[in-house]
2 protein chains.
Amino acid sequence: MAMGRPREFDAETALDQAMEVFWRHGYEGATIAQLTEAMGINPPSLYACFGNKEGLLRAALDRYTKLRGVWMDEVVAAPTARDVAERMLMGIADKQTDPANPPGCLLVQGGIACGTGSENVPFELAARRAQNEDQLRDRFVRAKAEGDLIQTSDPVALARYVSAVAVGMGVMASSSADREALRQVASVAVQAVEAQSAGG
Amino acid sequence: MAMGRPREFDAETALDQAMEVFWRHGYEGATIAQLTEAMGINPPSLYACFGNKEGLLRAALDRYTKLRGVWMDEVVAAPTARDVAERMLMGIADKQTDPANPPGCLLVQGGIACGTGSENVPFELAARRAQNEDQLRDRFVRAKAEGDLIQTSDPVALARYVSAVAVGMGVMASSSADREALRQVASVAVQAVEAQSAGG
DNA sequence: CCAGATATGTAGTGTTCACTACAAATGTGG
DNA sequence: CCACATTTGTAGTGAACACTACATATCTGG
């Protein structure tokens, strides 16, 4: 009985636009005015759909990590730990300098430090980064079990390491590092994984 | 002829307090009210001494990089490229989890992404990080000339790599990574430098 | 002791922020 | 066609922000 007036905008398309604004300006740097303009809607529509600014960020993060999760599945499908690291870091070098997106990574750009009232935003981002790290860790645990990584290697530390390099590359990308520079970093970084690989 | 009323606070002590606030909340997240309270002064004193909020940040960054520069000199004094990397990254693991300071690194926490009107803050931070990278690069160039690094190694890429790892560790530290986790990352990271070292 | 100069504390300034009342518009079920 | 439910656009709301006018206080040089 009575379904109400239908929404006139597509939530996912609007989220993509919001994602870009957060990505470029960070959570605190992004204003509702910028967000609504990018999304092509007015503030009341935003609040009716996403609750508040933080709810919008969470929705954007959900969408970001969902897209990214598909890619991560391809990454961990690489045959060896070394190839996983290389595929991940080289892919990140390309993605973080893709002109179709703002530079860097939303999970870093979103907000490393925030002011009073937004203290949980950095934690929110950290939790999403931790998901990637867990996925890497599981893959490296398997690599060690398969004898691909040497027995003295620590899969947890390796996953942390690759994750840290990825974050560092994201910060570099956001401060105008070019693709070649990021690839150089990735190339060197992979050598540490090689050093823990059997026959490497 | 008439020197005026003397300042009642010590500028460097006040800067240390401001530094901590920027470190913890980022440039945009830090408010003048928080800054003045931490510094123990009133807004007019702040503006008379530092110009504006951005001027205060620059002064805090100057002080931060000055203190850090002393430490970096010790780092590059290590005998080999490998030891330079180890000393730097292990030292960072300790410093970024020192309870005497906010977690992470001011040059990252200060603001990776900022809103309209503060666009140059991220560049300001990036420029300071680049100084460290340059210092590392010079050291690695020397290491290669000395035969400490193998002839196929790229000192520029190596410096970029170590710098990227340091930044990544900073982000990890700010999201509650403990000292042991950072040391693990440092330990793995050093292996990439070892792989480019003569006799490594 | 006085004039010039700078610092300080109080108490604001205008602006921008996230967020929302409200009425009009647009749909559905009976 | 008629309640009813929900969305939309306009136009604000109070709060927080960076920053400052101004009177007072505290110094130096003569």
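First the proteins, then the strands, lettered A, B, ... as listed; each starts at 1.
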Could you walk me through whether A/Asp73 and A/Gln135 satisfy the side chain to side chain donor-acceptor pair (under 3.5 Å) test, starting with their C-alpha distance in whole Å, then the side-chain angles of each, then the deciding distance to 0.1 Å, before giving a yes or no? CA-CA 9 Å; A/Asp73 289 342; A/Gln135 209 167 348; 2.9 Å; yes
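- One interatomic measurement links the two molecules: CZ of B/Phe50 to P of C/dT8, which rounds to 11 Å at whole-angstrom precision.
- In this structure, B/Arg7 places its CZ atom 16 Å from C1' of C/dG9, rounding to the nearest Å.
- Between D/dT7 and A/Ser45, no contact under 4.0 Å exists linking OP1 or OP2 to a side-chain N or O.
- B/Asp94 pairs by the side-chain hydrogen bond (donor to acceptor under 3.5 Å, both in side chains) definition with B/Arg183, not counting sequence neighbours.
- As rounded to whole Å, 16 Å separates atom C1' of D/dC17 from atom CG of B/Leu56.
- Below 30°, between 30° and 60°, or above 60°: for A/Phe22 and A/Tyr27 the angle between ring planes is below 30°, a parallel geometry.
- In this structure, B/Glu28 contributes its side chain and B/Gly115 its backbone to a donor-acceptor pair below 3.5 Å.
- Distance CD (B/Glu8) to P (D/dA25): 13 Å, rounded to an integer number of Å.
- Residues B/Ala189 and B/Val165 approach most closely at CB-CG1, 3.9 Å, considering heavy atoms.
- As rounded to whole Å, 13 Å separates atom P of C/dA5 from atom CE of B/Met3.
- A search for ring-ring contact (aromatic ring centres under 6.0 Å, His included) contacts involving A/Tyr64 returns A/Trp23, not counting sequence neighbours.
- The CE-C1' distance, from A/Met39 to D/dT8, rounds to 15 Å in whole Å.
- The distance from atom CG of A/Asp10 to atom C1' of D/dT7 is 15 Å, rounded to the nearest whole Å.
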B/S/- contact track for nucleotides 18-23 of chain D, protein heavy atom under 4.0 Å: SBBB--
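- Rounded to an integer number of Å, the gap from B/Arg5 CZ to D/dG29 P is 18 Å.
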